[in-house]
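Ligands are counted one by one from 1 in listed order, and the atoms in each one are counted from 1 as well.
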Amino acid sequence: MRLFSSGVTDADKRKALRAGLASGDLQRWPGAFSPLVAKIVADAGFEGVYVSGAALSADLGLPDIGLTTLTEVAARGGAIARATDLPTLIDADTGFGEPMSAARTVAALEDAGLAGCHLEDQVNPKRCGHLDGKEVVPTTEMVRRLGAAVSARRDENFVICARTDARGVEGLDAAIARATEYAAAGADLIFTEALADLDEFARFRDAVDVPLLANMTEFGKSELLTADQLRSIGYNAVIYPVTTLRLAMGAVESGLAAIAADGTQAGVVDRMQHRARLYEFLQYADYNAFDSEIFTYSRPGGTS
Ligand SMILES: C[C@](O)(C(=O)O)[C@H](CC(=O)O)C(=O)O
Ligand SMILES: [Mg+2]
């Protein structure tokens, strides 16, 4: 990583995302709820970063029911994307409005430095894809949403991923039929939301020949499949969307409980990321060197 921002251009990140999807290898994209987490994802050797709508809204103290705005999502997603050399795919929910808004969403996310986004076929206001009581729009409406998004793309390598939530509403066959239509409308990648188990993922894979993304979110409707299982059936990408947030918040809760009970954090210090490790991720030493090279002059009339 260079200082201040990524050393890889947005265009090159999008090329890398495309190449990954075409490689035949499973692309693993853990969710990063902050720019610092994106740096840790890169350091851990993953192929890309995911920005989750659920995590982004939870971080604002809000449920994931379509309350966040394009401005909030693009700003936070852009900060996360710039913190890493990896490509970043972002959750654009239903596109923040009607098809024209979905088009504007793509333009804004491109400007923010994202490598791709997903749009889902739920009605507004949307729900988490792993809850009951979701509703989907008619296929024709989603095709319009996607068509508008595709037409707004200026970088042909910006990935437009279509998510279908239909499995939990209309069944697997209907979800597969929708995916076929969405690919014909220009979607580069299909997000197969809330399938039940390996058999359903394999049936989806066999039925379509577009790149497919699996969502391995915890406490949801899908069996948690391993990367090897997903590789074995030919899936192209997997997200762990809220995993880092759940890990971190679990640690925050238990750490605060320990301080409240013990009157000191001494007992949990060994579970913390060390100051020295944090500074490695932040390239503290490189920033210090930059600073000392630039500020080599004396201020007129000053004491240094
Ligand atoms: C992928 C998802 O859209 C997200 O916002 O991260 C969520 C994840 C979750 O709520 O567990 C979803 O699957 O709807
Ligand atoms: Mg979401």
Side-chain angles (χ1 to χ4, degrees), residues 27-34 37-38 41 46 48-70 72-74 76-77 80-81 88-97 102 105 109 114 116-137 142 145 149 159-169 175 178-179 182 187 189-197 200-201 204 212-225 230 235-250:
Q27 304 298 297
R28 303 159 306 153
W29 304 330
F33 59 88
S34 78
V37 176
V41 168
F46 289 94
V49 171
Y50 177 71
V51 179
S52 149
L56 199 150
S57 43
D59 197 44
L60 291 169
L62 297 170
D64 182 23
I65 52 174
L67 292 169
T68 51
T69 66
L70 172 59
E72 286 172 325
V73 170
R76 188 68 169 163
I80 293 170
T88 301
L89 184 94
I90 194 167
D91 181 353
D93 289 344
T94 56
F96 304 102
T105 294
L109 297 177
L114 279 304
C117 72
H118 66 78
L119 293 162
E120 68 205 27
D121 57 8
Q122 285 198 48
V123 298
N124 268 314
K126 51 94 18 88
R127 290 281 175 274
C128 163
H130 289 258
L131 297 183
D132 295 321
K134 295 186 295 187
E135 279 176 61
V136 290
V137 297
M142 179 60 174
R145 198 177 275 174
V159 166
I160 296 193
C161 172
R163 160 169 151 178
T164 181
D165 279 74
R167 159 65 183 85
V169 187
R178 280 174 175 265
Y182 300 167
L189 174 66
I190 302 292
F191 180 145
T192 58
E193 176 68 317
L195 306 190
D197 51 23
E200 287 201 358
F201 282 92
F204 214 116
L212 294 180
L213 178 148
N215 176 11
M216 290 294 110
T217 195
E218 303 83 11
F219 319 114
K221 293 203 179 292
S222 301
E223 182 189 344
L224 293 181
L225 304 172
L230 290 167
Y235 256 67
N236 304 83
V238 57
I239 55 169
Y240 306 95
V242 195
T243 309
T244 57
L245 183 87
R246 296 195 217 283
L247 285 168
M249 294 309 114

message: Using every non-hydrogen atom in the two residues, find where Ala248 and Phe33 come nearest and quote the distance to one decimal.
response: CB-CZ, 3.8 Å
query: If you look at every heavy atom in Met142 and Leu119, which pair is closest and at what distance?
result: CE-O, 3.3 Å
task: Starting from atom 6 (O) of ligand 1, find the nearest protein heavy-atom neighbour and note its residue, name and distance.
output: Ser52 OG, 2.6 Å
query: If you look at every heavy atom in Thr244 and Val37, which pair is closest and at what distance?
result: OG1-CG1, 3.8 Å
Closest contact, heavy atoms only, Pro30 versus Val41: CD-CG1, 3.8 Å
query: If you take all heavy atoms of Leu245 and Ala58, which pair is closest and at what distance?
result: CD2-CB, 3.9 Å
message: Geometry only, no angles: is Pro241 polar-contacting ligand 1 at N/O separations under 3.5 Å?
response: no
message: Would His118 count as a polar contact of ligand 1, with the cut-off being nitrogen or oxygen pairs under 3.5 Å?
response: no
- line: One finds that the ligand 1 atoms under 4.0 Å from a non-hydrogen atom of His130 are 13 (O)
field: Trace of the side chain to side chain contact (heavy atoms under 4.5 Å, CB included) decision for Leu225 with Tyr235
entry: CA-CA 11 Å; Leu225 304 172; Tyr235 256 67; over 6 Å; no
- request: State if Tyr50 counts as touching ligand 1 under the rule of any non-hydrogen atom under 4.0 Å.
  value: yes
- request: Applying side chain to side chain contact (heavy atoms under 4.5 Å, CB included), run through Glu135 and Val169 and close with a yes or a no.
  value: CA-CA 7 Å; Glu135 279 176 61; Val169 187; 5.9 Å; no
message: As an exercise, identify every atom of ligand 1 less than 4.0 angstrom from a heavy atom of Gly53.
response: 4 (C), 5 (O)
- request: Start with the C-alpha distance between Val136 and Arg178, add both sets of side-chain angles, then the distance that settles side chain to side chain contact (heavy atoms under 4.5 Å, CB included), and finish with yes or no.
  value: CA-CA 11 Å; Val136 290; Arg178 280 174 175 265; 3.5 Å; yes
Any N/O pair Arg163/ligand 1 closer than 3.5 Å: yes
field: atom 10 (O) of ligand 1 [closest protein heavy-atom partner, distance rounded to 0.1 Å]
entry: Cys128 SG, 3.1 Å
Test log, rule side chain to side chain contact (heavy atoms under 4.5 Å, CB included), inputs Asp93 and Thr68: CA-CA 10 Å; Asp93 289 344; Thr68 51; 4.3 Å; yes
- prompt: Less than 3.5 Å between some nitrogen or oxygen of Asp91 and one of ligand 1, yes or no?
  reply: yes
query: What atoms of ligand 1 come within less than 4.0 Å of a heavy atom belonging to Arg246?
result: 11 (O)
statement: min-distance protein heavy atom vs atom 14 (O) of ligand 1 -> Gly129 N, 2.7 Å
Table please: side-chain donor-acceptor pairs of residues 159-166 below 3.5 Å, with sequence neighbours left out.
unit_1 : atom_1 : unit_2 : atom_2 : d
Arg163 : NE     : Glu120 : OE1    : 3.4
Arg163 : NE     : Asp165 : OD1    : 2.8
Arg163 : NH1    : Glu120 : OE1    : 3.4
Arg163 : NH2    : Asp165 : OD2    : 3.1
Arg163 : NH2    : Glu193 : OE2    : 3.1
Thr164 : OG1    : Asp121 : OD2    : 2.8
Thr164 : OG1    : Ala166 : N      : 3.1
Asp165 : OD2    : Gln122 : NE2    : 3.0
Asp165 : OD2    : Lys134 : NZ     : 3.0

- prompt: Counting heavy atoms not belonging to Glu72, are there more than 12 under 6.0 Å from its CD?
  reply: yes
- line: The protein N, O or S atoms lying under 2.8 Å from the Mg ion (ligand 2) are Asp91 OD2
- request: Would you name the heavy atoms of Met216 and Leu230 that are closest together and state the gap between them?
  value: CG-CD1, 4.3 Å
- prompt: atom 9 (C) of ligand 1: which protein heavy atom is closest, and how many Å away?
  reply: Thr217 OG1, 3.6 Å
- prompt: Between Thr105 and Arg145, is any side-chain donor less than 3.5 angstrom from a side-chain acceptor?
  reply: no
query: What protein heavy atom sits nearest atom 13 (O) of ligand 1, and how far off is it?
result: Glu193 OE2, 2.6 Å
- prompt: Taking distance alone, with no angle check, do Val242 and ligand 1 share an N/O pair under 3.5 Å?
  reply: no
- request: Please determine if Lys126 has a nitrogen or oxygen closer than 3.5 Å to a nitrogen or oxygen of ligand 1.
  value: no
message: For the backbone of Ala214 and the side chain of Thr192, can you confirm whether one donor and one acceptor N or O come within less than 3.5 Å of each other?
response: no
query: Is any N or O atom of Glu120, backbone or side chain, closer than 3.5 Å to an N or O atom of ligand 1?
result: no
